[in-house]
Amino acid sequence: MNRLADYLSLHLLRNTALRNVALRHRLAGALLLLALLPLATSSLIGYAESTAAVRQRSGALATEVVKLVAKNIGLEMARLESDSEVLVLSDRIQDFLGDYAGTDEAKRAASRLALPRALLERYGSFDFLNQKYLLDRDSRIIDAQVFATLGDGVAQFARRAPNHFGRPYWGTYDNAAGQKSMVLLRAIYNKPANQLVGSLFLGVRPSHFAATFDDVNLGGGSAVFVLDADAGKVVIDPAERSGGAAPAAALTAELRRSRQRSGLAGYSDARQGQHLLAYAQVLDTSWFVVGVIPASQLATEAQSVRDKNVLIGMAALLVSIALALILARSITTPLASLAQAMRGIGSGSGGGNDASGVTLDGNDELTALARQFNDMAGRIEQHQLRLERRVGEGSGELAAVKARLAARSVTDDLTGIANRRRFDEVLAGELAHAARAGVPVALLMLDVDFFRHYNEAYGHRQGDDCLRRIGALLQSHARRASDLAARSGGAQFVLIAFDTDSAGALALGEAIRAALEALRLVHARSPLGRVTASIGVVSVVPDDTWSFAAMLRMADQAMVRAKERGRNQVVGARAKDTA
Ligand SMILES: Nc1nc2c(ncn2[C@@H]2O[C@H](COP(=O)(O)OP(=O)(O)OP(=O)(O)O)[C@@H](O)[C@H]2O)c(=O)[nH]1
């Protein structure tokens, strides 16, 4: 897994734009992604669920509310029922109804007058009852004052009312004058005979029930009312809106379809759009308490939940951006100072901003790295100092060695005076110099006489000593800085004398010869009895045509002639020697 991650991050992305993005931006991006992914996911889920949650919560609430309203209406109805029961079971009403059902015309007439009065005495003070009648066995109103049309309507209502198994029946009734009533219809039996003697018709104003829930509110745009599913119309509406609280037909269809006593449904209204519908049946009636909430209101509530979510999300995003930046900088800043310190080492200006190197507080890997780096920088610095010291010492030694080598390359090992190489260099230089200056330069060539015999007679070591003494002698005759005495090979020496003409050169040669002879170095095998030398001398004012080799040849020829003439003498070069 790690290897795969390494491969993806280091190799696959090597040449992509990502590798060109600064480290702190990449780190911040990674941290942001970590923070954003769960945030975005939860926001999406929250967004999707908020509508459903609001709908469910509102629906549950509305269902509870309508159930409560239905229960309260039911309780009020039960109160009216029990009150009416007390009335119809009273001896007075029972007796009057018994008389009315009898055959005694006088009693019938008296009870016809007494029954409405008894009813009025009982219910006359209740405003909410807009109709109160006692009906005979044939459902005719027992009241001579009542108009025929009204009487017919009530009689029809009573006859059509379903048998309610001895319990009161509740229905709705609109009379000819346009009055709406919630009607309690109670059958009255003669107690002793258990015989149906008539019924009680009590019309309750809808507003009486409406008062039990007119302050119930399910939110803006919503409505609570009572619908008669049998009649397909709104029967109690506290708001008393014109045209009904809602399209009764659509709601009725929905209630009939669901066949539940209470529940939640949706319905669509072409005029007002989508609605949520909560309903609860009033016990033992075809009435339903209905709560209607427009979907637009739910959407508004859901939107406010979402707005809150978005606000919280934005705040969390800002916090995570700030944290990501802080975290990224906490990594990249120490790295940057490490990199700067490394650049410092690379350019030779030290391990850090100051002598103590990189200073990082903390206990993390970067601090450990900085500590190791400081150690390493310190060691490198020590090492560098040691190296510099050794190079310094070495360069002194080297210069001495070089000087020694240089000196050795131009010095004759045996005699310590200049060697043939040095002689060649100097002679060439002097010739050029003299040519420029237009002055003579002289060359003396000295060869020790019978030296082979000397070696043979005294040994090679003494021969060396002899050569050393001759070298020193010659050196002592090189008086000017530009003069040079050199051993040109074997028992042969040369002397260059600048600005010296032929006469001067001959005189110098003679001085050398005499000085050697004056040393009185015994040479038994020489006819001369001591160490002597033959010297060839040449002096020229050189021009560009003069070569070094030609001058050597002339001196050599002069020296050979000195040998031929008997040795131990100085001979000057002749003009023909130049040929
Ligand atoms: N001891 C010693 N002898 C050397 C050295 N270099 C050359 N010789 C000897 O010097 C001698 C030079 O001999 P030549 O110049 O040929 O002849 P010569 O015996 O000097 O006689 P003439 O030059 O004819 O007078 C040789 O015997 C060499 O061996 C040296 O460094 N030390």
Side-chain angles (χ1 to χ4, degrees), residues 54-84 126-131 168-174 179-184 202-252 254-256 258 260-267 269 272 275-298 301:
V54 167
R55 184 186 165 90
Q56 197 180 16
R57 200 192 62 200
S58 304
L61 185 73
T63 308
E64 287 310 307
V65 167
V66 295
K67 273 185 183 170
L68 206 62
V69 170
K71 193 176 165 194
N72 285 345
I73 292 175
L75 284 173
E76 181 58 18
M77 287 159 71
R79 194 181 68 76
L80 288 168
E81 283 176 23
S82 62
D83 189 66
S84 66
F126 297 143
D127 272 355
F128 63 86
L129 291 177
N130 58 1
Q131 286 161 312
Y169 165 74
W170 284 91
T172 52
Y173 174 70
D174 297 350
Q179 272 184 323
K180 284 174 186 292
S181 299
M182 318 295 288
V183 175
L184 161 67
L202 282 180
V204 183
R205 291 182 200 279
S207 58
H208 177 63
F209 292 111
T212 61
F213 63 96
D214 61 359
D215 54 352
V216 169
N217 186 2
L218 293 178
S222 65
V224 181
F225 50 87
V226 178
L227 184 80
D228 185 346
D230 281 353
K233 60 185 179 184
V234 173
V235 288
I236 306 174
D237 184 3
E240 292 291 353
R241 279 159 287 219
S242 59
L251 290 179
T252 307
E254 186 58 46
L255 291 175
R256 284 180 183 160
S258 87
Q260 301 285 323
R261 286 178 39 77
S262 68
L264 201 60
Y267 91 96
D269 174 320
Q272 292 171 323
H275 287 71
L276 187 65
L277 174 70
Y279 59 90
Q281 191 176 18
V282 180
L283 202 62
D284 293 331
T285 65
S286 58
W287 303 338
F288 283 84
V289 179
V290 177
V292 174
I293 307 169
S296 58
Q297 182 201 328
L298 297 180
E301 275 187 45

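Model, not experiment: these values are computed from the prediction.
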First locate atom CG of L264, then atom CG of L276, and finally report the distance between them rounded to the nearest 0.5 Å.
4.5 Å

For side chain to side chain contact (heavy atoms under 4.5 Å, CB included), just list the numbers for F209 and V204, CA-CA rounded to whole Å, side-chain angles, deciding distance to a tenth of an Å, and then say yes or no.
CA-CA 8 Å; F209 292 111; V204 183; 3.7 Å; yes

With a 4.5 Å heavy-atom cut-off, do L283 and R261 have their side chains touching?
yes

A210 and P238 have their tightest heavy-atom pair at CB-CA, 4.0 Å

Closest contact, heavy atoms only, L184 versus P168:
CD1-CB, 3.2 Å

Residues that D83 engages under salt bridge (Lys or Arg N to Asp or Glu O under 4.0 Å), provided they are two or more places apart
R122

Shortest non-hydrogen separation from G263 to T63 and the atoms involved
O-OG1, 4.0 Å

Roughly how far apart are M182 CE and Y173 OH, rounded to 0.5 Å?
15.0 Å

Closer than 3.5 angstrom, by distance alone: can the side chain of E64 be matched with the main-chain N or O of L68 as a donor-acceptor pair?
no

With rounding to the nearest 0.5 Å, note down the distance linking CD1 in I236 to CG in L227.
10.5 Å

Quick one: CZ on R79 to OG on S84, what's the gap to the nearest 0.5 Å?
10.5 Å

Set of residues satisfying salt bridge (Lys or Arg N to Asp or Glu O under 4.0 Å) with respect to K71, sequence neighbours excluded:
none

Go through the steps to decide whether F213 and I73 satisfy the test side chain to side chain contact (heavy atoms under 4.5 Å, CB included), and finish with yes or no.
CA-CA 9 Å; F213 63 96; I73 292 175; 3.8 Å; yes

Less than 4.5 Å apart, any side-chain heavy atom of D284 and any of Y169?
no

Verdict with reasoning, V289 to V282, per side chain to side chain contact (heavy atoms under 4.5 Å, CB included):
CA-CA 7 Å; V289 179; V282 180; 3.9 Å; yes

Residues which pass side chain to side chain donor-acceptor pair (under 3.5 Å) with E81, listed by chain and number, not counting sequence neighbours
W170

Straight-line distance of T172 OG1 to W287 CH2, nearest 0.5 Å:
7.0 Å

I'd like to know if the side chain of N72 pairs up with that of T212 as donor and acceptor (distance under 3.5 Å, no hydrogens or angles considered).
no

Salt bridge (Lys or Arg N to Asp or Glu O under 4.0 Å) between D237 and K180, intermediate numbers included
CA-CA 12 Å; D237 184 3; K180 284 174 186 292; over 6 Å; no

Between S181 and the options H208, Q131, R205, the side-chain hydrogen bond (donor to acceptor under 3.5 Å, both in side chains) test singles out Q131

So, taking the atom named OG in S262 and the one named CG in L255, what distance separates them when rounded to the nearest 0.5 Å?
11.0 Å

Residue pair V226 / V290, side-chain heavy-atom distance below 4.5 Å:
no

Residues R256 and D230 bridged, charged N to O under 4.0 Å
no

After noting the C-alpha distance and the side-chain angles of L80 and L202, does the key distance pass the side chain to side chain contact (heavy atoms under 4.5 Å, CB included) rule?
CA-CA 9 Å; L80 288 168; L202 282 180; 5.6 Å; no

